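Basis for what follows: all heavy atoms, side chains included, without hydrogens, waters or symmetry-related copies. Keep in mind that this is a model prediction, so the values were computed, not measured. The first residue in the sequence is number 1, and the count goes up from there.
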Amino acid sequence: MSTLKIREELYKYIEIGDKSFLEALYKSANSYIEQKKLDMMIDEGEEDILAGRTYSIEEAKEILDHWEE
C-alpha cells in the first residue's frame, strides 16, 4: 500500500474514530516518534564515537560541573 493510500485510510479512521480509538492511535504514534528520536540520538552518538569525538571521564565531569552556568 502506498504512503498516500495509508494517509487517506488513516484520515478516514480518525474521522470516524471515538475518543478511545483516537487516544490509542495518538499513544501509538507518539511512542513511534519518540523511539525514532531516540534511535537518531543513538546513531549520532555512534557516529561521534567512530569519528573520535569523545570526552575523557575527567572532561565529562568538568562539563557537568559547569552545566548550569
Practice prompt. Is it possible for you to say whether I6 and Y32 belong to one hydrophobic cluster, with membership spreading through side-chain heavy-atom contacts below 4.5 Å?
Written response: no
Worksheet item: What salt bridge (charged side-chain N to carboxylate O under 4.0 Å, His left out) pairs are there with at least one residue in residues 50-62, not counting sequence neighbours?
Response: D48-R53
Discussion item. Suppose we screen for side chain to side chain donor-acceptor pair (under 3.5 Å). Which residues come up paired with E8, at least two apart in sequence or across chains?
Written reply: none
Fill in: Where F21 and Y13 come nearest, the two heavy atoms and their spacing
CE2-O, 3.5 Å
Worksheet entry | Heavy-atom side-chain contact between I63 and Y55 under 4.5 Å | yes
Practice prompt. Check whether L10 and M1 end up in the same hydrophobic cluster, where Ile, Leu, Val, Met, Phe, Trp and Tyr are linked by side-chain heavy atoms less than 4.5 Å apart.
Written response: yes
Worksheet item: Taking only residues two or more places apart in sequence or in another chain, which ones pass side chain to side chain donor-acceptor pair (under 3.5 Å) with Q35?
Response: D39
Discussion item. Under the rule for side chain to side chain donor-acceptor pair (under 3.5 Å), what residues qualify as partners of E23, not counting sequence neighbours?
Written reply: K19
Item to complete: Taking the side chain as every heavy atom from C-beta outward, state whether R7 and T3 have any atom pair closer than 4.5 Å.
Response: yes
Practice prompt. Report the residues that fulfil salt bridge (charged side-chain N to carboxylate O under 4.0 Å, His left out) with E46, sequence neighbours left out, ordered by chain and then residue number.
Written response: none
Worksheet entry | By side chain to side chain donor-acceptor pair (under 3.5 Å) - contacts of E15 (at least two apart) | none
Practice prompt. Supply the atom-to-atom distance S28 OG to I33 CD1, rounded to the nearest 0.5 angstrom.
Written response: 10.0 Å
Item to complete: Using modelled atom types only, decide if a donor and an acceptor are shared between the side chain of S31 and the backbone of K27 within a distance under 3.5 Å.
Response: yes
Worksheet item: With the 4.5 Å side-chain cut-off for hydrophobic clustering, are L38 and I49 part of the same group?
Response: no
